[in-house]
Number of protein chains: 2
Amino acid sequence: MLEYIIIGMALNDPLTGYDIKKYIENGISVFYKASFGSLYPALKKLTEKGYLTMTEQQQGNRQKKFYQATEEGKIIFDEWLALPVDLNDTTESRLVKIYFFDNLSSETRDRQLREYELNNVNYLRKLELLEKQFDEMPNKDDFYFKLSTLYYGIRIIQENIEWCKHLQEHKPLKDFIGRKI
Amino acid sequence: MLEYIIIGMALNDPLTGYDIKKYIENGISVFYKASFGSLYPALKKLTEKGYLTMTEQQQGNRQKKFYQATEEGKIIFDEWLALPVDLNDTTESRLVKIYFFDNLSSETRDRQLREYELNNVNYLRKLELLEKQFDEMPNKDDFYFKLSTLYYGIRIIQENIEWCKHLQEHKPLKDFIGRKI
DNA sequence: GAGGCCATGTAAACTGTTACATGATTTG
DNA sequence: CAAATCATGTAACAGTTTACATGGCCTC
């Protein structure tokens with residue numbers, strides 16, 4: 001995950017590891033946190049693999065390393081981006097991919113969103129089936145909180161579907177929040 | 001995380017590793033997946049630490065190992081359960097903890113839910129501030145999808161708050177879903 | 001000149017996955 | 001009797017965090 005995030009951040013301008021950390025913090029810190037301990041080794045690895053170029057630059061008494069995505073880096077980034085958003089991944093890693101959807105062609109993006117919506121609809125059906133099973137049980141109150149996580153899940157999947165529709169129609173984002181009754 | 005889940009599952013009846021896997025699948029597979037490769041070593045480790053007891057039993061030609069939480073195991077499980085639900089954790093691991101909330105005393109549970117709600121409210125304020133900043137920028141359409149993740153986040157936090165209120169009032173779970181306009 | 005930010009990195013530990021390996025029991 | 005499920009485990013690898021270590025630059 002982190003490797004793709006790094007390439008995605010260094011797609012255009014050459015950036016230092018420290019810059020990339022900043023970009024991650026300002027852009028996706030809500031759902032993804034990167035530590036230097038994982039960032040710097042990843043930069044080294046990606047450069048060795050040929051997905052990033054590194055150019056050193058002296059600034060005063062300080063040696064900085066600037067990284068930028070190579071053509072190959074862009075290719076594997078695009079491949080990753082075009083891979084379906086997997087409902088088995090955590091909410092957070094799914095959001096990471098959608099964060100980069102501006103980079104996608106509108107055709108691929110629409111395909112992705114349609115597929116994600118469909119997967120959510122199918123998953124919702126599965127959860128609703130589960131709900132029906134539990135609903136028939138007696139002494140439901142003994143596991144009210146256990147059950148509550150299922151209902152939370154259903155609610156979130158419903159939200160996902162609404163969100164997908166919203167994004168496909170390119171509706172104003174403000175309309176997605178604050179529509180409480 | 002897995003260690004607490006295991007203890008939480010083996011709180012009452014003695015269970016085999018295989019049983020625990022089943023419990024995890026039937027109860028929390030929606031947001032947590034455990035593999036045997038992590039489960040069995042964890043059982044061994046927890047037994048060594050004294051949080052589980054293991055009793056072997058011959059059944060036909062098969063040697064089964066039954067695990068059950070010790071008093072010490074129950075204590076550290078309760079400690080973990082009483083620790084605040086951390087918004088920095090993934091959605092999924094937060095749900096794991098709430099799944100076990102039936103085990104909590106109603107006082108601790110209410111404290112937990114109140115605190116979680118408050119943290120969500122504060123977090124919502126932070127995100128709304130962020131939203132305001134981005135809203136003032138020109139060419140917002142160039143990062144429509146980047147921004148969409150922020151709006152998704154706000155929406156989910158709003159849902160979290162609704163959910164917390166719902167659970168505190170012990171309202172019927174069915175009322176939490178299907179309240180679309 | 002002290003404190004905070006800029007900048008790069010390493011080492012140990014932790015947590016987990018995937019694939020492999022083995023064999024018993026049950027059910028169609 | 002074959003296939004599915006029950007049952008337990010190991011080994012290699014992957015990805016990450018936390019803590020440590022070092023030093024330059026900037027601003028009050």
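All values below were derived from every heavy atom in this structure, side-chain atoms included, with hydrogens, water molecules and symmetry-related copies excluded. Quick caveat: nothing in here was measured; it's all calculated off a predicted structure.
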Give a yes or no on whether the ring-centroid distance for A:Phe77 and A:Tyr51 is below 6.0 angstrom. no

Rounded to whole angstroms, how far apart are CD1 on A:Ile5 and C1' on D:dG15? 12 Å

Is there a donor-acceptor pair under 3.5 Å between the side chain of B:Asp110 and the backbone N or O of B:Gln168? no

The side chain of B:Lys44 is closest to which nucleotide in this list: C:dT17, D:dC25, D:dT10? D:dT10

Starting from P on C:dC14, measure out to CD on B:Glu3 and report it in whole angstrom. 10 Å

Checking contacts here: which listed nucleotide (D:dG9, D:dG24, D:dA7) is nearest the side-chain heavy atoms of A:Asn61? D:dG24

Do we get A:Lys21 above A:Phe36's six-membered ring, with its NZ or CZ under 6.0 Å from the centre and within 45° of the axis? yes

Spacing between B:Tyr23 atom OH and D:dA7 atom P, to the nearest angstrom: 12 Å

To the nearest angstrom, how far is A:Gln59 atom CD from C:dT8 atom P? 10 Å

Sorted by chain and number, sequence neighbours left out, side-chain contact (heavy atoms from CB on, under 4.5 Å) with B:Tyr23 holds for B:Met9, B:Leu15

Which part of the nucleic acid does A:Gly17 contact within heavy-atom distance under 4.0 Å: base, sugar-phosphate only, or nothing? sugar-phosphate

To check you understand the geometry: which heavy-atom pair defines the closest contact between B:Thr47 and B:Met54, and what is its length? CG2-CB, 4.1 Å

Please state how far atom CG in A:Asn88 lies from atom P in C:dG16, giving the value in whole angstrom units. 17 Å

For B:Tyr40 and D:dA11, give me the distance from atom OH to atom P, rounded to whole Å. 17 Å

Report the nucleotide, chosen from C:dA7, C:dT25, D:dG9, that has the shortest atom-to-atom distance to any side-chain atom of A:Lys64. C:dA7

Residue B:Lys45, side-chain heavy atoms: nucleotide from C:dC5, C:dG9, C:dT15 that is nearest: C:dT15

Quick one: is B:Ser38 getting a side-chain N or O under 4.0 Å of the C:dT17 phosphate, OP1 or OP2? yes

Does the side chain of A:His170 come within less than 4.5 Å of B:Asp141's, by heavy atoms? yes

By nearest atom, which of the nucleotides C:dT8, D:dT8, C:dT25 is closest to the B:Tyr18 side chain? D:dT8

Please state how far atom CZ in A:Phe36 lies from atom C1' in C:dC6, giving the value in whole angstrom units. 9 Å

Want to settle it: does A:Arg62 or B:Pro41 sit nearer the 5' end of DNA chain D, counting the closest nucleotide to each? B:Pro41

Can you check whether A:Lys22 has a side-chain N or O nearer than 4.0 Å to OP1 or OP2 of C:dC6? yes

Starting at the 5' end of DNA chain D and moving along, which residue's nearest nucleotide shows up first, A:Leu2 or B:Tyr67? B:Tyr67

Candidate nucleotides D:dT8, C:dT25, D:dT16, ranked by approach to the side chain of A:Met1 - the nearest: D:dT16

Please determine whether a side-chain nitrogen or oxygen atom of B:Ser35 lies at a distance below 4.0 Å from atom OP1 or OP2 of C:dG16. no

Please check the phosphate of C:dG16 (OP1 and OP2 only) for any side-chain N or O of B:Tyr32 closer than 4.0 Å. yes

Without decimals, in angstroms, what is the distance between A:Ile6 CD1 and C:dT8 C1'? 14 Å

Return the nearest nucleotide to the side chain of A:Lys65; candidates are D:dG9, C:dG23, C:dT8. C:dT8

